[in-house]
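Note that the coordinates shown come from a computational prediction; the quantities given were computed from them, not determined experimentally.
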Amino acid sequence: MADLSLLSKITLYVLLGFIGVLTTLILWFQINVFRGKRMPNPDGSADDWNEQEIFYGISIADILFACPLGIAVVVLTMAGSPWGLFLLPAHGFYFLWANTMTTVTSLRFHNPKFTVMWFIVFPLGILVGVATLIWTAMHFGASL
């Protein structure tokens, strides 16, 4: 990481901040879903595995895989370990894929009102995922 410019480092730390905040919120949300609590979304839908069992599986996958990956990326990168940067594109791809899926589902089935909260819950993750992948592509090799 010593070879990175100041702007590249600032961009990386901003991305890590977004990853950390979004991962923490997702972890909190999915733990509540896993415990059987009905969690409302800003598009009028709700995640409730008592109504749709698939939400139980999604919450387990996020709790056991996606959220630990996000936490590992932030912690390892901040600690200066190259493993954080190795895992960064995997997490960027996850954010891109998962948030594209939820945004499209929201638009297709729930006809949401486009509020700031809707944007934060659904498409912001897409932007963070894409920005992470672009950052990684631009700095691959220089940051390791």
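Tracing side-chain contacts under 4.5 Å through hydrophobic residues (I, L, V, M, F, W, Y), one reaches M78 starting from V128; they form part of the same cluster. F122 is not connected to F109 by any chain of hydrophobic side-chain contacts under 4.5 Å among Ile, Leu, Val, Met, Phe, Trp and Tyr, and they are in different clusters. A single hydrophobic cluster is not seen to contain both L12 and L7; linkage of ILVMFWY side chains at heavy-atom distances under 4.5 Å, directly or through other members, places them apart. W83 and L16 fall within the same hydrophobic cluster, defined by Ile, Leu, Val, Met, Phe, Trp and Tyr side-chain heavy atoms under 4.5 Å apart, directly or through other members. Put simply, W135 and I10 are part of the same group of oily side chains (I, L, V, M, F, W, Y) that touch within less than 4.5 Å, one to the next.
In this structure, the side chain of D48 engages the main chain of N50 through a donor-acceptor pair within 3.5 Å. Listed for the S106 side chain is no donor-acceptor partner under 3.5 Å among the backbone atoms of T102.
Here L22 contributes atom CG and N99 contributes atom CG; the two are 7.5 Å apart, rounded to the nearest 0.5 Å. Separation of atoms OG1 (T23) and CD (Q30) is listed at 12.0 Å; rounding is to 0.5 Å. With values rounded to the nearest 0.5 angstrom, T136 atom OG1 is found 7.5 Å from L85 atom CG. With rounding to the nearest 0.5 angstrom, the OG1 atom of T77 is 8.0 Å from the CG atom of L87. The distance from atom CZ of F86 to atom CG of L76, rounded to the nearest 0.5 Å, is 11.0 Å. Separating the OG1 atom in T11 from the CE atom in M138 is a distance of 8.0 Å, to the nearest 0.5 Å.
Under the side chain to side chain donor-acceptor pair (under 3.5 Å) criterion, T100 pairs with no residue at all, not counting sequence neighbours.
In the hydrophobic clustering, V75 connects to L27, W28, F29, I31, V33, F34, M39, W49, I54, F55, Y56, I58, I60, I63, L64, I71, either directly or through intervening members, whenever side-chain heavy atoms lie under 4.5 Å apart.
Around CE of M101, the count of heavy atoms belonging to other residues, nucleotides or ligands within 6.0 Å exceeds 12. Atom NZ of K37 has 12 or fewer neighbouring heavy atoms from other residues, nucleotides or ligands inside a 6.0 Å radius.
Paired with L88 under the rule side-chain contact (heavy atoms from CB on, under 4.5 Å), one option of L69, V74, L133, I19 passes, and it is I19.
Inter-residue side-chain proximity for F95 and L124 is flagged as unmet; no heavy-atom pair is nearer than 4.5 Å. With contacts defined as side-chain heavy-atom distances shorter than 4.5 Å, the pair P89/T132 does not qualify.
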Quick one: do T103 and F119 satisfy side-chain contact (heavy atoms from CB on, under 4.5 Å)? Show the steps, please.
CA-CA 9 Å; T103 301; F119 181 78; over 6 Å; no
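Of all heavy-atom pairs spanning D62 and P68, the tightest one is O-CD, 3.7 Å. Taking each heavy atom of H139 and S8 in turn, the nearest pair found is NE2-OG, 2.6 Å.
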